[in-house]
A.B. asks: 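Quick one: this structure, given as structure tokens, is what I'll be asking you about.
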Amino acid sequence: MNNAPNRDVVVVGAGVAGLSLGLQLKQTCPQLSVTVLERGPLPIPREVRKLGESTSEVAAWYLRERLGLGQHLEREHVVKYGLRFWQGTGPFASRHEYGAMMRSRFCPGDGIPLRPHAYQLDRGKLEHELAARCEAAGVELRDQTSVAGVHRQANQWEVVAHRHDDKSAPTTITSRWVFDATGKTQLSQAFAGTPRDLDHHLTAMWWWLDRRVDPTEWTQHDSFRQRIAGNLRWRSTQHVLGHGHWTWLIGLANECTSVGLLVDRTIHPQCTDRQAMRELLQQADPELAKRVLDDSVPTHLRVLDSNLHEQIVGEGWGITGQALGFLDPLFSPGLDLMAVTNELLVATVTREVRGEALETRATNLFLSRLFEQYASLYKGMYHLLDDPVIAPLKLMWDQLIYFAWICPVALGGLLQDHNTLRELALVGDRVARTNLCVQQIFRDWRNSQRPGVFAGRRALDHTQLDMVMGQFLRLRDTAPAEQRLSQNFNELSGMAIALVHAACADLGLAQPDSRIDPRKLVLDPEKRKAAGMYHPRRGRAASKMALEDLAYALQTTPAVLVGAEHVAAGQPHIHSGPLAAAHRAVLADIECGRKLGLTQAIDQRIDELATQAHNPHLMLGVGAGLCERGDTYLQDVLGALPQACPDLLAGVGWHRADRGVVPLLYAHQIHGAWSLEGHGCAWALVAASDLWTEQGLLRSSAPNHQRMLCQGIGRGLWLRYAGDINALVDEVAACPPTLSRHLWVGVGMALVTGDADVSTADLDQLRLRGDAGLCLGATLGLLSLPTGCDRALSQHQKLQAAGIVGARLDGLPARETLPYPAWRDRVGELLELSDPDL
């Protein structure tokens, strides 16, 4: 054998993992001699298509900041608009959509939102660029070279390699370090033995289409197309979820789209070949199959089993990329884990270069726990992907874990410091234990006999989740990451406990009655005490922000999630006993009405339904269903109505809502407000819709319709602008007086019945810039609160002192004592308001 010169480092495999590792080693320690061996030709053509196109924030940071590829990524690849998830079948405009919608505060001047950027990669372009940069940095690239074996001799490795075009004997390369980046496990077994099976078994089929696949272009439904401003939806990594399977759609440069179908073999054991995979997609989602299946396009099939090596680094060796382990493509973790692994390996080599003793225990322990945490996101979870209630909450939690824990650790450079890595193990252990409990909560929740209190929603804007987006925006924070981790764990704990409350509310279980240890969460009330869930020292409560985010996701109010006791003392819990059954009946009526509103039969029955309106909940659903047929159709129907139908209008407001919705039974039973038998419940259902998109609908409506819709939108504006009174006043003032006076009534009601406390300065602003409708609305809101409610008394005193409420409460009749019109007229008399339109 020929003895080649000694090398400091040999990397086997010149995919993205091997090239990135070689480049980072040379950039960090220029004095090292680094050789990368590849069995194929180098550089690979720029046009080569390979899987692993989507990056998340950690991988994007690593490629952009650590390796210096920022300009290349922005110029040659697609800037990504986050992850996007779809549920349901049929037209995409009617499906549940979860992802970032456009909001100005997340869109800087260049029009590309969500910074720091992530990317959809053309892998051929990326690896071609990495190879060029490796050579420019002094990394030796040897292509057409296979490794026959590696052997340990004294303090170095002997790598036996031979070139495919060389007939001579194999060459032995001696090296201090050998890194396996082959994407396979055979070489790694010489270092770390057989990888551990993680008991998550998939079948994958994938292909590429030479066209852009954009759900926005699949419909002319205006509200769906305008839900995301600009041509942005196609930039997301799309995940179309089904029971036991999901499909990815990744838009790439040059109008190309990567498509793949992932199937859990334990749920769909028949999916063992391409034909079975095609049939599953065609049967489960014919609309999607029609869009993406093409008989002329070659497909690829692979059986995937999740696995992991227990160690990534040892005496002179290391493993990176898919050679280390495989999990699941959902959330695009592959390049993230490669980035984290490369950071740890380079830090280990750097310490040895500085003459420090080799210490690998903390590194191996950290990455092993990180893999376990990632694995918990996938194992046993495919059976709940199609659940419209649980799946969005799980996706929200998984993103929160990512932004609050994994990202700060990686982007903050904490992986480079060995001492910090030991300290991170303590925080990481708390996060991991909490996460495992929450994932088990999701599984138990899905496996329970569910009464179905919460209904799914058609659009969930992730930018409206304050906790998730707060953590995302903090990724740009320059403060030391270790200072944020403790606070982040507190936020995670608050959300974990809030999720338990939400599960109990949905299942009709008793709510936890004490402070909770987030690392010992249990759903079953009979097992909580034995599991140590209640802990006097470690106990925490659900955070207000977490409850608000869940309330938005579940279309409810924070009070519903933890029980209504603190809203109205003595009221029964809404999700237990006979009220739970009544609530389920209400939701069933709403869904029935929505389906009726979507059918052609509504054209013949609208007069009959609007006249009789025997079932207000049915009419609410009809209104929502009519909205789904388009604004033009809706305006024609409203113009044809012989009389006002408040519950139908409430459904219109509900469908157009952009923020959380108060459940009907809760609004009726707890607040006792505006009885559901037909008088003005739109205020309880509309939330924070964009007022300017409603102008055409409002102006084209009859005066009595305008009143109902405006009062509901006024409440929605309060939810949006409660923290910015000036913005609220400016929004209302910009409307014509015929609309703004009704908006002020809704604002006044929300001022009282909403959860937010208002400062004296803000009350002064409202009094000075609001109109008479504000006074009427605030008084109506006060009267709607339960008799003797402490909040009603305290709010009355505060509002009376501010000059907003000008009448004594004890001078007004109780709502239940008079028919609504007479009651409203009596209120108007006492408030010295004579405008009958209010």
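All residue numbers in this chain count up from 1 along the given sequence.
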A.B. asks: Can a salt bridge be assigned to the pair E491 and R474 using a cut-off of 4.0 Å between side-chain N and carboxylate O?
C.D. replies: yes
A.B. asks: Y402: what forms a ring pair (Phe, Tyr, Trp, His ring centres under 6.0 Å) with it, not counting sequence neighbours?
C.D. replies: none
A.B. asks: Take Q120 and T237 through the side-chain hydrogen bond (donor to acceptor under 3.5 Å, both in side chains) test and state the conclusion after the steps.
C.D. replies: CA-CA 8 Å; Q120 317 278 40; T237 300; 3.0 Å; yes
A.B. asks: Does a side chain donor of either K80 or S236 reach within less than 3.5 Å of an acceptor in the other side chain?
C.D. replies: no
A.B. asks: Among residues at least two apart in sequence or on other chains, which ones pass ring pair (Phe, Tyr, Trp, His ring centres under 6.0 Å) with F442?
C.D. replies: none
A.B. asks: Taking all atoms of both residues into account, what is the closest heavy-atom pair of T219 and A93, and its distance?
C.D. replies: OG1-CB, 3.9 Å
A.B. asks: Got a sec, which residues hit side-chain hydrogen bond (donor to acceptor under 3.5 Å, both in side chains) with Q87, two or more places apart in sequence or on another chain?
C.D. replies: Y98
A.B. asks: Between R233 and P215, what is the shortest heavy-atom contact and its length?
C.D. replies: CD-CB, 4.2 Å
A.B. asks: side-chain hydrogen bond (donor to acceptor under 3.5 Å, both in side chains) with W234: which residues, sequence neighbours excluded?
C.D. replies: none
A.B. asks: Residues in ring pair (Phe, Tyr, Trp, His ring centres under 6.0 Å) with Y374, at least two apart?
C.D. replies: none
A.B. asks: Determine, using ring centers only, whether H239 and F85 are less than 6.0 Å apart.
C.D. replies: yes
A.B. asks: Considering residues at least two apart in sequence or located in another chain, which fulfil the salt bridge (charged side-chain N to carboxylate O under 4.0 Å, His left out) criterion with D398?
C.D. replies: K394
A.B. asks: With distance as the sole criterion, is a donor-acceptor pair present between the side chains of W86 and Q238 under 3.5 Å?
C.D. replies: yes
A.B. asks: Describe, in one word, how the ring planes of Y378 and F331 are oriented to each other, choosing from parallel (under 30°), tilted (30 to 60°) and perpendicular (over 60°).
C.D. replies: tilted
A.B. asks: Which residues pass the side-chain contact (heavy atoms from CB on, under 4.5 Å) test with A496, sequence neighbours left out?
C.D. replies: W397, T434, V438, L521
A.B. asks: What residues form a side-chain hydrogen bond (donor to acceptor under 3.5 Å, both in side chains) with E53, not counting sequence neighbours?
C.D. replies: W208, S258
A.B. asks: Do the side-chain N and O atoms of W445 and D506 include a donor-acceptor pair separated by under 3.5 angstrom?
C.D. replies: yes
A.B. asks: Would you please name every residue forming a salt bridge (charged side-chain N to carboxylate O under 4.0 Å, His left out) with D285, sequence neighbours left out?
C.D. replies: R95
A.B. asks: Give me the atom names and distance for the closest heavy-atom approach of V292 to L281.
C.D. replies: CG2-CD2, 4.3 Å
A.B. asks: For Q399, check side-chain hydrogen bond (donor to acceptor under 3.5 Å, both in side chains) against everything at least two apart and list the hits.
C.D. replies: H462
A.B. asks: In terms of the angle between their ring planes, are F92 and W218 parallel, tilted or perpendicular, with boundaries placed at 30° and 60°?
C.D. replies: perpendicular
A.B. asks: Applying salt bridge (charged side-chain N to carboxylate O under 4.0 Å, His left out), name anything that partners E255, two or more places apart in sequence or on another chain.
C.D. replies: R212
A.B. asks: For R443, give me all partners under salt bridge (charged side-chain N to carboxylate O under 4.0 Å, His left out), at least two apart in sequence or on another chain.
C.D. replies: none
